[in-house]
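Here is the structure we will look at, set down as structure tokens.
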Amino acid sequence: MDSPTVTLPSNFIQNIINEDAKTGRHGGRVQTRFPPEPNGYLHIGHAKSICLNFGIAAENGGLCNLRFDDTNPSKEDVEYVDSIQEDVKWLGFDWGDRMFYASDYFPQLYEYAEKLIQMGKAYVCDLNAQQIREYRGTLTEPGRNSPFRERTAAESLDLFRRMRAGEFPDGTRTLRAKIDMASPNITMRDPVLYRILRATHHRTGDAWCIYPMYDYAHPVSDAIERITHSICTLEFEDHRPLYDWCVEMLDIYRPQQIEFARLNLTHTVMSKRKLRELVEQKLVSGWDDPRMPTISGLRRRGYTPEAIRDFCERIGVAKSNSLVDLEMLEHCIREDLNVKAARAMVVLRPLKVVVENYPAGVVEELTAENNPENPEMGSRTMPFSRVLYIEQDDFMEQPPGKFFRLAPGREVRLKYAYIIKCEQVIKDDLTGEVTEVRCTYDPESKSGGATSGRKVKGTLHWVAAEHALPVEIRLYDHLYKDGTAGDINGEAGQSALNPNSLVVLKQAMMEPGLAGTPVGSHYQFLRQGYFCADLESRPGFPVFNRIVSLRDSWAKAKQS
RNA sequence: UGGGGCGUAGCCAAGCGGUAAGGCUCGGGACUCUGACUCCCGCAUCGGUGGUUCGAAUCCAUCCGCCCCAGCCA
């Protein structure tokens with residue numbers, strides 16, 4: 001499998017690489033890595049990092065590794081390493097045979113740690129977590145040296161070996177780097193390198209009871225893999241001096257860490273912690289619930305890898321905190337689906353239409369294009385008969401100006417069929433609701449026919465009542481900013497736990513013959529926008545998801 | 001109030017001393033067997049203030065604003 005080309009627009013990281021190429025800093029080599037911790041599912045924010053890392057490598061003739069940063073067994077699980085691989089692959093990227101785990105390096109990491117101790121650059125500290133915090137100082141006050149800071153290398157080495165041997169309880173001792181307790185950068189105040197932690201690791205089992213911290217494991221892992229450009233997010237900027245310290249002290253390969261701003265999306269919760277909460281509290285069906293901003297959720301919602309990659313290219317890469325408008329993501333999927341998605345007609349809120357001058361019992365087969373944007377997708381036939389359903393919203397008894405759909409005495413075209421004229425309105429005696437519309441059709445106006453040229457203002461979608469299939473349609477409101485409450489991806493994250501964003505419309509009617517459409521197919525319901533089949537959740541029952549807001553000037557006008 | 005970052009249109013984002021790319025959104029128009037799509041057109045003097053310069057978004061000074069850091073998480 002070839003990784004797709006992701007063309008990143010001019011960005012500061014590429015500029016750095018260009019500069020490195022000139023100076024020969026990494027011997028002209030480019031090697032990146034995508035290093036997720038397997039403690040949750042990947043989300044759209046990770047997609048940005050994936051496209052960046054694989055994209056930068058590909059564009060510069062380099063390679064990108066997949067590495068699991070699995071140094072904290074208490075949070076990690078194989079379920080996540082599996083899903084991560086699946087998602088990266090689905091996005092279209094290929095790490096070849098370069099899939100690694102930080103845990104692969106535990107023995108090496110341990111050896112290096114002993115080396116640091118022997119060099120007098122690290123020491124075993126007997127302070128507990130509470131005490132370490134107290135000794136660390138604050139943002140404005142320097143810290144104080146640990147009373148164990150000056151113990152001999154020999155003593156630290158002995159203690160460190162015994163830590164590894166399991167002689168001490170969890171949390172009683174740590175291995176710390178000996179740097180500077182007065183550093184204005186808190187990260188440099190003798191950071192912990194190893195902690196004692198009795199937790200079964202998803203790969204190494206109980207082989208270890210001490211685990212390296214990110215700040216130590218990451219630079220060393222990068223060095224081992226000879227990563228040239230270690231791209232991470234902004235919050236690690238303060239850690240860069242420590243990153244450099246590690247590789248310099250150990251005198252190993254020196255990758256350079258480069259930080260960029262993580263992705264934020266309007267109306268979207270991007271914190272793994274909150275997403276996990278939704279899953280654990282069962283407020284969503286799982287990490288891949290279509291309402292989730294996870295890669296797997298987007299996949300089920302009908303997003304394509306192409307659309308997500310395109311999105312990542314368009315948003316760019318920089319160091320300023322940004323909040324990208326969801327419209328950008330929606331634009332990308334609309335653009336991709338517009339040429340790929342097979343259309344189908346579905347009436348969400350049916351209104352009965354009887355074509356009085358059309359003979360009862362006759363069923364006509366009409367031809368409908370599967371995708372007007374893409375003739376290669378062919379066509380299908382649709383049954384037309386005397387009784388039909390149209391959208392309730394497409395009829396108004398007393399239409400205001402500029403409404404050019406069906407109304408008493410007015411004509412509209414039924415897409416791929418005939419022009420009909422409303423002759424009579426039938427209402428419920430009690431409620432006064434319109435229950436049926438009686439029309440006549442113009443036999444000369446059949447679509448595709450020689451005499452079909454007559455123009456009318458509106459065109460409507462429809463289904464034949466007798467043949468239409470009832471389907472359950474689910475509209476996930478996540479991407480629809482119509483002011484409805486209960487969006488699980490609330491702007492402030494406050495409404496994040498409200499599960500009411502799932503709207504189920506059971507009365508929808510769909511044209512026949514399409515209910516068994518394969519997983520992953522997409523539909524565009526004319527005027528309603530795009531919908532995507534989510535058959536994985538309910539085999540046999542198409543479940544649709546509106547992934548684009550109602551792009552209807554009339555609907556907008558009504559709201560204001 | 002210690003340290004590290006960042007501030008270009010409603011939202012992203014190029015630009016790196018020579019007189020503001022592009023995309024999204026929005027507004028206007030054309031087209032249309034749905035008002036969608038498509039296609040045209042329109043939309044900023046670069047956080048403020050001083051300075052250097054023939055010339056500054058780009059250099060200097062200063063002020064203001066926002067983000068990150070006090071896990072034995074990553």
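Order of the sequence lines sets the chain letters (A, B, ...), proteins ahead of strands, with each chain counted from 1. Atoms considered below: every heavy atom in the structure, side chains included; atoms not considered: hydrogens, waters and symmetry mates.
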Checking B/C16, B/A74, B/A70 against the side chain of A/Arg136 (C-beta onward), the nearest is B/A70

Below 4.0 angstrom from OP1 or OP2 of B/C33, is there any side-chain N or O of A/Ser452?
no

Once you round it to whole Å, what is the distance between C1' of B/U38 and CG of A/Leu337?
17 Å

With both distances under 3.5 Å as the test, what is the Watson-Crick or G-U wobble partner of B/C43?
none

Give the rounded distance in Å between these two atoms: CZ of A/Arg189 and P of B/G71.
11 Å

Relative to its sugar, using the 90° cut-off around 0, the base of B/G71 is syn

Rounded interatomic separation in angstrom, taking CG from A/Asp190 and P from B/C69:
21 Å

With a 4.0 Å cut-off on heavy atoms, is A/Tyr194 in touch with a base, just the backbone sugar-phosphate, or nothing at all?
nothing

State whether A/Arg133 places a side-chain N or O below 4.0 Å from either non-bridging phosphate oxygen (OP1 or OP2) of B/G71.
yes

Of A/Tyr214 and A/Thr138, the one whose nearest nucleotide on RNA chain B sits closer to the 5' end is A/Thr138

The side chain of A/Ser10 is closest to which nucleotide in this list: B/A14, B/C24, B/C73?
B/A14

Considering only atom P, compute the distance from B/U58 to B/A20 and round it to an integer number of Å.
14 Å

Contact nearer the 5' end of RNA chain B, comparing A/Ile186 with A/Val456:
A/Val456

Which nucleotide, B/A74, B/C72, B/C12, lies nearest any side-chain atom of A/Ile315?
B/C12

Considering only atom P, compute the distance from B/G27 to B/U62 and round it to an integer number of Å.
45 Å

Between A/Tyr243 and A/Phe236, is the gap from one ring center to the other below 6.0 Å?
no

Students often get this wrong, so: under 4.0 angstrom with heavy atoms, is A/Leu197 touching a base, only sugar-phosphate, or nothing?
nothing

Under 6.0 Å between the ring centres of A/Tyr216 and A/Tyr194?
yes

Heavy atoms under 4.0 Å, any strand shown: does A/Leu263 hit a base, just sugar-phosphate, or nothing?
nothing

With rounding to whole Å, what would you report as the distance between B/C12 and B/C67 at their P atoms?
14 Å

Rounded to whole Å, how long is the line connecting atom CG of A/Leu326 with atom C1' of B/C26?
17 Å

Please give the distance between the P atoms of B/A30 and B/A21 as a whole number of Å.
29 Å

Classify A/Asp170 by what it touches in the nucleic acid, base, sugar-phosphate, or nothing, heavy-atom distance under 4.0 Å.
nothing

Phosphate contact (B/C24 OP1 or OP2) by A/His331 side-chain N/O below 4.0 Å
yes

Phosphate-side-chain proximity, A/Asn264 and B/C67, N/O vs OP1/OP2 below 4.0 Å
no

Under 4.0 angstrom, heavy atoms only, what part of the nucleic acid is A/His218 near: base, sugar-phosphate, or nothing?
nothing

Partner of B/U58 under the Watson-Crick or G-U wobble criteria, both distances under 3.5 Å, comes out as none

What contact category does A/Gly143 fall into here, base, sugar-phosphate, or nothing, at under 4.0 angstrom with non-hydrogen atoms?
nothing

Under a 4.0 Å threshold between the charged nitrogen and the carboxylate oxygen, would A/Lys178 count as salt-bridged to A/Asp190?
no

Quick check, are the ring centers of A/Phe160 and A/Tyr123 under 6.0 angstrom apart?
no

Students often get this wrong, so: under 4.0 angstrom with heavy atoms, is A/Tyr211 touching a base, only sugar-phosphate, or nothing?
nothing

Roughly how many Å apart are B/A44 and B/A57, using the P atom of each and rounding to a whole number?
16 Å

I'd like to compare against my own output: the B/S/- annotation of nucleotides 3-11 of chain B with a strict under-4.0 Å heavy-atom distance to protein.
BSSSS---S

Is there a side-chain contact between A/Lys75 and the phosphate of B/A74, meaning an N or O under 4.0 Å from OP1 or OP2?
no

What is the distance, to the nearest angstrom, from the CD atom on A/Glu369 to the P atom on B/C37?
17 Å

Determine the Euclidean distance between corresponding C1' atoms of B/C24 and B/A56; express it in Å to zero decimal places.
29 Å

What nucleic acid atoms does A/Asp215 come within less than 4.0 Å of, heavy atoms only: base, sugar-phosphate, or nothing?
nothing

Minimum-distance nucleotide to A/Thr71 side chain [options: B/C33, B/C72, B/A74]
B/A74

Any donor-acceptor N/O pair, A/Asn264 side chain to A/Ser322 backbone, under 3.5 Å
yes

Over 60° means perpendicular and under 30° means parallel, so classify the ring planes of A/Trp287 and A/Tyr41, tilted if in between.
parallel

Name the nucleic acid region contacted by A/Ala129, choosing base, sugar-phosphate or nothing; use a 4.0 angstrom heavy-atom cut-off, strictly under.
base

Under 4.0 Å between any heavy atoms, over every strand shown, what does A/Gly171 touch: base, sugar-phosphate, or nothing? Just pick one.
base

Selection from B/A14, B/C73, B/C37 that lies nearest to any side-chain heavy atom of A/Asn338
B/C37

Pair partner, B/C33 [Watson-Crick or wobble, under 3.5 Å]:
none

Tell which nucleotide pairs with B/G71, taking only Watson-Crick or G-U wobble pairs whose two distances are both under 3.5 angstrom.
none

Using purine N1 to pyrimidine N3 plus N6-O4 or O6-N4 for Watson-Crick, or N1-O2 and O6-N3 for G-U wobble, both under 3.5 Å, which nucleotide pairs with B/G65?
B/C6

Integer-rounded Å distance: B/G71 C1' and A/Leu127 CG
15 Å

Between A/His218 and A/Tyr214, is the gap from one ring center to the other below 6.0 Å?
yes

Base, sugar-phosphate alone, or nothing: which one does A/Arg413 contact when heavy atoms must sit under 4.0 Å apart?
base

Between B/C40 and B/G5, how far apart are the two C1' atoms, rounded to whole Å?
42 Å

Any salt bridge linking A/Arg33 with A/Glu225? Criterion: basic side-chain nitrogen under 4.0 Å from a carboxylate oxygen.
no

Taking only the side-chain nitrogens and oxygens of A/Arg195, find out if one of them lies under 4.0 Å from OP1 or OP2 of B/C73.
yes

Main-chain N/O of A/Ala417 paired with A/Ser447 side-chain donor or acceptor, under 3.5 Å:
yes

Could you let me know what B/A14 is paired to, Watson-Crick or G-U wobble, both distances under 3.5 Å, or none if it's on its own?
none

When the P atoms of B/C72 and B/G4 are compared, how many Å lie between them, rounded to an integer?
22 Å

Between P on B/A74 and OH on A/Tyr216, what's the gap in Å once rounded to a whole number?
14 Å

Side-chain donor or acceptor of A/Ser156 paired with backbone N/O of A/Val124 under 3.5 Å:
yes

A/Asn371 CG - B/A36 C1' separation (whole Å):
12 Å

Charged N-O contact under 4.0 Å between A/Arg189 and A/Asp180:
no

How are the rings of A/Phe34 and A/His46 set to each other: parallel, tilted or perpendicular (split at 30° and 60°)?
perpendicular

Distance check: side-chain N/O of A/Arg262 vs OP1/OP2 of B/A74, anything under 4.0 Å?
no

